[in-house]
2 protein chains.
Amino acid sequence: MVPGQRLVEQELSERYHATRSSVREALQDLAAEGLVELVPRRGARVRVVSVEEAIQITECRAALEGLCARRAAEHAPSQRREGLREIGTGMRKAVAEGDLNTYSALNRQLHDAIARMSGQTVAEGLLDRLKGQMVRYQFRLALRPGRPSQSLPQHLAIIDAVVAGDGAAAEAAARAHLDSVIAELRATPERDAAERLGA
Amino acid sequence: MVPGQRLVEQELSERYHATRSSVREALQDLAAEGLVELVPRRGARVRVVSVEEAIQITECRAALEGLCARRAAEHAPSQRREGLREIGTGMRKAVAEGDLNTYSALNRQLHDAIARMSGQTVAEGLLDRLKGQMVRYQFRLALRPGRPSQSLPQHLAIIDAVVAGDGAAAEAAARAHLDSVIAELRATPERDAAERLGA
DNA sequence: GTCGGAGCTATTGTCAACAATTTCGTCGCC
DNA sequence: GGCGACGAAATTGTTGACAATAGCTCCGAC
């Protein structure tokens with residue numbers, strides 16, 4: 001689905017063999033999650049998140065994931081924290097072999113695991129929302145050459161700090177990692193002007 | 001509206017002279033904002049946020065308002081930052097006179113103003129959501145004796161740091177303030193068991 | 001040639017009736 | 001006396017039709 005694309009209720013209901021009411025409801029849900037924009041009397045369109053907004057989203061992620069990393073390091077049982085090591089070795093292997101898909105999947109797993117074991121369910125929910133709006137950019141960033149070798153040590157640092165139970169270090173590592181994502185986003189040209197019209 | 005209370009569509013539609021469809025839609029919106037709980041086939045009820053959850057919400061607020069305070073201190077034009085001083089003097093006056101209503105209103109104003117001038121619209125949106133779920137507790141905390149004299153210096157410290165343009169200090173002050181709110185919440189007995197049944 | 005308005009079309013918003021499901025009370029049975 | 005099945009009432013979910021609105025096209029006037 002292209003950002004900016006119009007979403008006509010009847011069209012969707014035919015395509016997915018659903019009633020218009022269901023489609024309407026689904027669109028409202030998506031709007032609540034910030035995935036589509038819903039203008040009264042003028043219908044729905046896929047929301048386009050600008051690079052600027054992606055940066056702000058990542059800044060929020062830095063704050064929230066910092067909190068989660070700290071709490072995970074401080075409060076999660078050491079056995080669960082140890083489990084992160086496995087993700088770390090998997091990441092090392094994936095990067096060494098140039099397997100971007102696996103690395104990307106492990107990336108998600110790591111962030112989710114830390115949020116989960118932090119016990120911060122509210123923060124976890126907010127992060128899910130925020131990440132949902134970032135899909136387009138996450139995809140684009142991961143494919144950039146040299147990016148994995150840059151982010152791998154950051155991920156390993158987060159794992160080390162959490163496993164060591166060092167809350168302050170874990171928070172700092174998580175924030176440093178996301179700050180680097182922000183820097184990468186800043187270097188992204190806003191070349192999506194075409195998409196915005198709803199090609 | 002009491003937490004846990006059942007919200008029957010027909011009843012609401014009669015009370016507010018709206019159609020059931022509108023009520024249904026409104027309930028969905030409120031559910032998206034986390035204000036009501038919507039169980040399929042079993043209707044809606046006012047969501048009850050436990051003290052535990054209120055603490056987690058405040059932890060997220062600490063992280064996000066810390067970010068906003070820092071950015072406000074660093075990036076907002078000095079003229080707008082100076083405007084906070086006015087809120088500060090108003091707070092001092094309200095506390096001195098024991099005017100809890102005014103102090104409470106200024107409290108909201110201060111937090112909103114900082115979020116607004118930080119330019120972090122994403123964080124601002126998340127904070128609005130989170131605060132919406134806290135209404136019950138905010139109300140309760142503000143009425144506690146001695147609370148204003150405890151929070152006033154914290155508020156003034158935030159204002160000082162933001163006006164001075166000291167990002168790190170502003171973030172620290174904001175977090176310290178919300179940490180104190182958390183401590184206060186921790187001292188709140190979960191005496192709402194009765195409410196939970198939907199009295 | 002362009003601007004403004006009328007009418008048309010596509011699309012969303014609203015409504016009332018109907019269907020399906022859950023809940024609660026009642027009765028019978030163990 | 002308690003447990004489970006049955007049935008009625010209450011409530012939510014779904015459907016289709018209708019109303020209202022926004023955007024577009026076409027026509028006419030300046």
Side-chain angles (χ1 to χ4, degrees), chain A residues 1-50 53 121-122 125 128-129 132-133 135-136 190 192-199, chain B residues 1-50 53 121-122 125-126 128-129 132-133 135-136 190-199:
Chain A
M1 290 234 161
V2 184
Q5 181 180 359
R6 279 197 65 190
L7 298 172
V8 177
E9 296 179 358
Q10 192 172 0
E11 188 184 327
L12 293 175
S13 67
E14 285 168 10
R15 171 128 44 115
Y16 297 112
H17 306 286
T19 68
R20 233 189 81 200
S21 315
S22 314
V23 170
R24 228 177 141 69
E25 215 167 315
L27 285 176
Q28 241 181 288
D29 285 356
L30 292 174
E33 286 203 44
L35 266 47
V36 314
E37 195 176 9
L38 213 48
V39 187
R41 296 260 170 228
R42 298 190 45 190
R45 40 182 62 228
V46 179
R47 207 166 76 83
V48 21
V49 342
S50 63
E53 191 176 358
T121 57
V122 174
D128 276 347
R129 258 176 83 85
Q133 302 180 10
V135 276
R136 175 158 298 261
E190 181 110 23
D192 302 312
E195 285 181 347
R196 208 170 285 179
L197 303 176
Chain B
M1 290 233 161
V2 185
Q5 180 180 359
R6 279 196 65 190
L7 299 172
V8 177
E9 296 180 358
Q10 192 173 0
E11 188 183 327
L12 294 175
S13 68
E14 286 168 10
R15 169 129 44 113
Y16 298 111
H17 306 287
T19 67
R20 238 189 79 204
S21 314
S22 314
V23 170
R24 226 178 144 69
E25 211 167 319
L27 286 175
Q28 240 181 281
D29 286 355
L30 292 174
E33 286 202 46
L35 266 46
V36 315
E37 197 176 8
L38 213 47
V39 188
R41 295 257 168 229
R42 298 188 50 188
R45 40 183 62 230
V46 179
R47 207 167 77 83
V48 22
V49 341
S50 63
E53 192 176 356
T121 58
V122 173
L126 293 177
D128 275 347
R129 259 177 84 84
Q133 302 179 12
V135 276
R136 176 156 299 259
E190 183 108 25
R191 47 144 184 214
D192 303 311
E195 285 180 348
R196 210 170 285 178
L197 303 176

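Note on naming: letters A, B, ... go to the chains in the order of the sequence lines (proteins, then strands), and numbering restarts at 1 for each one.
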query = Would a distance-only check, ignoring hydrogens and angles, find a side-chain to backbone donor-acceptor pair under 3.5 Å from B/R129 to B/G34?
reply = no
query = Is a side-chain donor or acceptor of A/R45 paired with a backbone partner of A/G4 at a separation under 3.5 angstrom?
reply = yes
key: Nearest to side-chain heavy atoms of A/R24, which nucleotide of C/dT12, C/dT23, D/dT14   = C/dT12
query = If you look at every heavy atom in A/A18 and A/V23, which pair is closest and at what distance?
reply = CB-CG2, 4.3 Å
inquiry  = Just N and O in the side chain of A/S21: are any of them under 4.0 Å from OP1 or OP2 of D/dT15?
reply    = no
remark   = Considering only heavy side-chain atoms of A/R6, the closest of D/dT11, C/dT22, C/dT12 is C/dT12
key: Rounded interatomic separation in angstrom, taking CD from A/E14 and C1' from C/dT11   = 13 Å
ask   = Between atom CD in A/Q28 and atom P in C/dT12, what is the gap in whole Å?
value = 13 Å
ask   = the helix from C/dG1-D/dC30 to C/dC30-D/dG1: angle between its terminal axes, five pairs each, to 10°?
value = 10°
ask   = Please walk me through it: do B/R47 and B/L35 pass side chain to side chain contact (heavy atoms under 4.5 Å, CB included)?
value = CA-CA 6 Å; B/R47 207 167 77 83; B/L35 266 46; over 6 Å; no
For atom CG of A/L12 and atom P of C/dT11, their distance in whole Å = 11 Å
message = Between A/Q5 and A/V2 (side chain of the first, backbone of the second, donor and acceptor by atom type, cut-off under 3.5 Å), is there such a pair?
response = yes
note = Whole-Å distance, B/R42 CZ to D/dT11 P, equals 14 Å
query = Can you tell which of C/dT11, C/dT14, D/dT11 lies closest to the side chain of A/V8?
reply = C/dT11
ask   = Where do B/V122 and A/E53 land on the side chain to side chain contact (heavy atoms under 4.5 Å, CB included) test, with the steps shown first?
value = CA-CA 7 Å; B/V122 173; A/E53 191 176 358; 3.9 Å; yes
key: N/O donor-acceptor pair under 3.5 Å between B/Q133 side chain and B/E33 backbone   = yes
query = Whole-Å distance between D/dG13 P and B/E25 CD?
reply = 14 Å
query = Does B/E11 or A/S22 map to a spot on DNA chain D nearer the 5' end, using the closest nucleotide for each?
reply = B/E11
query = Is A/L7 touching bases, backbone alone, or none of the nucleic acid, heavy atoms closer than 4.0 Å?
reply = sugar-phosphate
query = Taking NE2 from A/H17 and C1' from D/dT15, how many angstroms apart are they, rounded to a whole number?
reply = 18 Å
ask   = Going by number, which of residues 34-41 of chain B have a non-hydrogen atom under 4.0 Å from DNA chain D?
value = B/P40, B/R41
inquiry  = Below the 4.0 Å mark, does D/dT12 have OP1 or OP2 next to a side-chain nitrogen or oxygen of B/R20?
reply    = no
Candidate pair A/L12 and A/L27, rule side chain to side chain contact (heavy atoms under 4.5 Å, CB included), full reasoning = CA-CA 10 Å; A/L12 293 175; A/L27 285 176; 4.3 Å; yes
ask   = Can you tell me how far C1' of C/dT11 sits from CZ of A/R45, to the nearest Å?
value = 13 Å
ask   = Are A/R20 and A/E25 close enough for a salt bridge, meaning some N to O gap below 4.0 Å?
value = no
